[in-house]
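Heads up: the structure comes next, in structure tokens.
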Amino acid sequence: MRLPPRHAPRKQDHGTAPRPAGSTHQDGQHPVRPGANCTARRALADFRICLPPGRLLGFAPRMKRTLVKEALNAAGPMESLLLQGWVRTRRDAKAFSFVEVNDGSCLKGVQVIVDATLPDYAQVARAHTGASVAVRGRLVASQGQGQKWAVVATGFTVVGEADGTYPLQKKGHTLEFLREIAHLRPRSNLFGAVFRVRSRLAYAVHQFFQERGFHYVHTPIITASDAEGAGDMFRVTTLDLEHPPRTPEGALDHARDFFGRKTFLTVSGQLEGEIFATALSNIYTFGPTFRAENSNTSRHAAEFWMIEPEVAFCDLAGDMDLAEAFVKHLIRDAREHCAADLEFCGKFVDPGLLARLDFVLERPFQRCRYTDAVEILQRSGRKFEHAVAWGDNLQSEHERYLTEEHFRCPVTVYNYPRAIKAFYMRKNDGEAPDRQTVAAMDLLVPGIGEIIGGSQREERLAELREGMALHHLPEKDYWWYLDLRRYGTVPHAGFGLGFERMLMFVTGVANIRDVIPFARTPGSAEF
RNA sequence: UGCCCGGUAGCUCAGUGGCAGAGCAGGUGACUGUUAAUCACUUGGUCGCUGGUUCGAUCCCAGCCCGGGCAGCCA
């Protein structure tokens, strides 16, 4: 939803421990790509070609691939398995080589021992860091330190070589460098971890809502309402920009555009979400969102994913309860199901990560009225760059102070001045006209700032029209939205959670560009 | 968009108004149940681009491009 001014504290200096240079890490990890099945088939074919006929018998043509994760978690030795993945690093001895193979199924790679007497041993020389390989072998208890299982190869094939120009090295890389090779960075340790967490967290989002009887609604990506707020939206058009159709007056003739009117990429599914909440009661959306603002910060992207639940017969308190339960569910789920990846993040990205996540899980979030927050800030004795005055938006530095220093935990600020919030937020009753507030709330977390923005919606027709007038919005553009108040209106509330910001919080990664597979930011849309 | 910082080998960086440096990666060899292995040798440069100052510019100046941090906009 587009709300008037908000901002988010910038990343926390997680303790004083510096982020290790090149917190990224090592050579890499390797993603499972769409063509993985083809690769698998090719690898099998290669085996048939390269292995001597006599040994083909012992090599089932339809041998099932074992993921590295499965191998590392095996309960006991395995007589025969097929691994397919990418070489992380190789260490040669005179009589054998160690090849570390990773397939992206988990953070760790499996150690493959290839004996020099193996007929395939010549292949090993081609298996540089980054090469894709297929390995047949036995899973045995490792004789070395550092891992429980190792694979003794009985067959070894390089599927695709990677020469010395492969950009991922066996050393740390900066996040900035890896951004420039977004097609290869999922093979690095950190990005492998981040995107596995991302996948799991997306699953946890659905799990949380589905278990609570919420229905998943697909709100439109293309929308015609351009007046939800002052923010810039991306135009969607099929008009010939070189020679656009004109009206007799010379203006652009939008009636001749694809949809017969001006259309945009959505900045929020909320208004449409309300339609479904007032029918299915509890709904949520989870999809891409677009903002054309020229934002150049570590926590803004032009394309990001947002989760927006909307609940009928719910007030602001219920909304805040839901938001808190939701955030905690996501953290708990990641802690439980992405333990190794988060430990890695804690080790190389943000030393205070795990302790902070656990701390957040254990404590109830603080709640604080906007008016009280202003007072806390004014009495803090802190010199802020921006003065604190009732009626003004809280600046980044203010929000940061509240969540990182005053409360030292996530805090929900609610009941904001009406003038600085969106038209659809419910007017609080019985307040002085110069101190009029709406039932809005922002959830602030240390290190990121605003991670959730929500409100109880104005369900009263008269008050909603008043709010629209206040924000100079034409009622004719919102006739269907007003209809929801004309027919069977109910108190309802919802919020928006920035998925990437949640990921930043959970992984400790400080830049939003590093938790999105392919970041879209001003001036940047490579890949 | 504004303010600030940066751009030198594939990567991370040092450096100087007068022959361009290190570590890692790559290559060659040695050695070791190794594990960011180790050791020796070695390849590798439009010093972001354009212009200016200068006998001479990677270095000083200006403009531009790119990256980053912070702020605003927000999730």
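The structure presented is a predicted model; accordingly, all values stated were derived computationally and were not measured. Chain naming here is simple, since letters A, B, ... match the order of the sequence lines and numbering starts at 1 in each. When reading the values below, keep in mind they use all heavy atoms of this one structure, side chains included, and skip hydrogens, waters and symmetry mates.
- The gap from the C1' atom of B/G33 to that of B/G27 amounts to 26 Å, rounded to the nearest Å.
- Base pairing of B/G2 is made with B/C70, judged by Watson-Crick or G-U wobble geometry with both donor-acceptor distances under 3.5 Å.
- For A/Thr89, no side-chain nitrogen or oxygen approaches OP1 or OP2 of B/A36 to under 4.0 Å.
- Anti is the glycosidic conformation of B/C59, whose angle departs from 0 by more than 90°.
- Considering only the side chain of A/Phe96, B/G33 comes nearest among B/C11, B/G33, B/A37.
- Of the possible polar contacts, one joining the A/Asp103 side chain to the A/Val68 backbone as a donor-acceptor pair under 3.5 Å is found.
- Look at A/Gln395 and you won't find any side-chain N or O under 4.0 angstrom from OP1 or OP2 of B/A71.
- Remark: A/Lys69 NZ is loosely packed, at most 12 non-hydrogen atoms of other residues, nucleotides or ligands lying under 6.0 Å away.
- Between the side chains of A/Ser268 and A/Glu308, a donor-acceptor pair is found at a separation under 3.5 Å.
- Straight-line distance between the P atoms of B/G2 and B/G45: roughly 38 Å, to the nearest whole Å.
- In this structure, B/G63 forms a base pair with B/C49, meeting either the Watson-Crick or the G-U wobble geometry with both donor-acceptor distances under 3.5 Å.
- In this structure, A/Phe384 has its ring center closer than 6.0 angstrom to the ring center of A/His398.
- Between the P atoms of B/U43 and B/G10, the separation comes to 15 Å (whole Å).
- The side chain of A/Ile113 lies closest to B/G33, out of B/C73, B/C11, B/G33.
- Note on A/Ser298: a side-chain N or O is less than 4.0 Å away from OP1 or OP2 of B/C70.
- Put simply, A/Ser142 has no side-chain N or O that comes within less than 4.0 Å of OP1 or OP2 on B/G33.
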Dump the intermediate steps for ring pair (Phe, Tyr, Trp, His ring centres under 6.0 Å) on A/Phe264 and A/Phe290, then the final yes or no. CA-CA 9 Å; A/Phe264 309 85; A/Phe290 307 89; over 10 Å; no
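- In this structure, the NZ atom of A/Lys94 is 12 Å from the C1' atom of B/G29, given to the nearest Å.
- Considering only side-chain atoms of A/Arg299, the nucleotide from B/U34, B/G72, B/U12 that sits closest is B/G72.
- Nucleotide B/G44 has no partner under the Watson-Crick or G-U criteria, as no pair reaches both atom distances under 3.5 Å.
- When the P atom is used for both B/G23 and B/A14, the distance is 16 Å, rounded to whole Å.
- Using N1 to N3 plus N6-O4 or O6-N4 for Watson-Crick, or N1-O2 and O6-N3 for G-U wobble, each under 3.5 Å, B/C55 pairs with B/G18.
- Residue-level contact check: A/Thr297 touches the bases, meaning some heavy atom is under 4.0 Å from a base atom.
- Donor-acceptor pairing under 3.5 Å is lacking for the side chains of A/Thr289 and A/Arg291.
- Below 30°, between 30° and 60°, or above 60°: for A/Trp390 and A/Tyr370 the angle between ring planes is above 60°, a perpendicular geometry.
- By the 4.0 Å N-to-carboxylate-O rule, A/Arg400 lies too far from A/Glu405 to be salt-bridged with it.
- Atom name C1', nucleotides B/C60 and B/C24: the rounded distance is 33 Å, in whole Å.
- Look at the C1' atom in both B/G48 and B/G67: the space between them is 11 Å, to the nearest Å.
- Remark: the backbone N or O of A/Arg136 is paired with a side-chain donor or acceptor of A/Thr154 at under 3.5 angstrom.
- B/C19 and B/C13 are spaced 22 Å apart, taking the C1' atom of each and rounding to whole Å.
- In this structure, of B/C73, B/C11, B/G72, it is B/C73 that holds the atom nearest to the side chain of A/Ser295.
- One N or O donor and one acceptor, one from the side chain of A/Asn296 and one from the base of B/U1, sit under 3.5 Å apart.
- With both ends at atom C1', the span from B/G72 to B/C64 equals 25 Å, rounded to whole Å.
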Can you tabulate the close N/O pairs, meaning under 3.5 Å, that link protein atoms to atoms of nucleotides 64-68 of chain B?
residue: B/G68; atom: OP1; partner: A/Arg179; partner atom: NH1; Å: 2.9

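- Listed nucleotides: B/C11, B/A71, B/A37. Nearest to the side chain of A/Phe177: B/C11.
- RNA chain B is contacted by both A/Ala302 and A/Gly146; A/Gly146 maps to the nucleotide lying nearer its 5′ end (nearest heavy atom per residue).
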For nucleotides 22-27 of chain B, just jot down a letter per nucleotide in 5' to 3' order: B, S or -, based on protein non-hydrogen atoms under 4.0 Å. -BBSSS
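- Looking at residues two or more places apart in sequence or on another chain, you find a ring pair (Phe, Tyr, Trp, His ring centres under 6.0 Å) between A/Tyr284 and A/His206, A/Phe209, A/Tyr216.
- Nucleotide B/U34 forms a pair with no other nucleotide shown, judged by Watson-Crick or G-U wobble geometry with both contacts under 3.5 Å.
- Of the candidates A/His300, A/Arg299, A/Arg198, A/Glu500 forms a side-chain hydrogen bond (donor to acceptor under 3.5 Å, both in side chains) with just one, namely A/Arg198.
- A 3.5 Å limit on both hydrogen-bonding distances identifies B/C11 as the Watson-Crick or G-U partner of B/G23.
- One N or O on the side chain of A/Arg185 and one on the backbone of A/Pro517 form a donor-acceptor pair closer than 3.5 Å.
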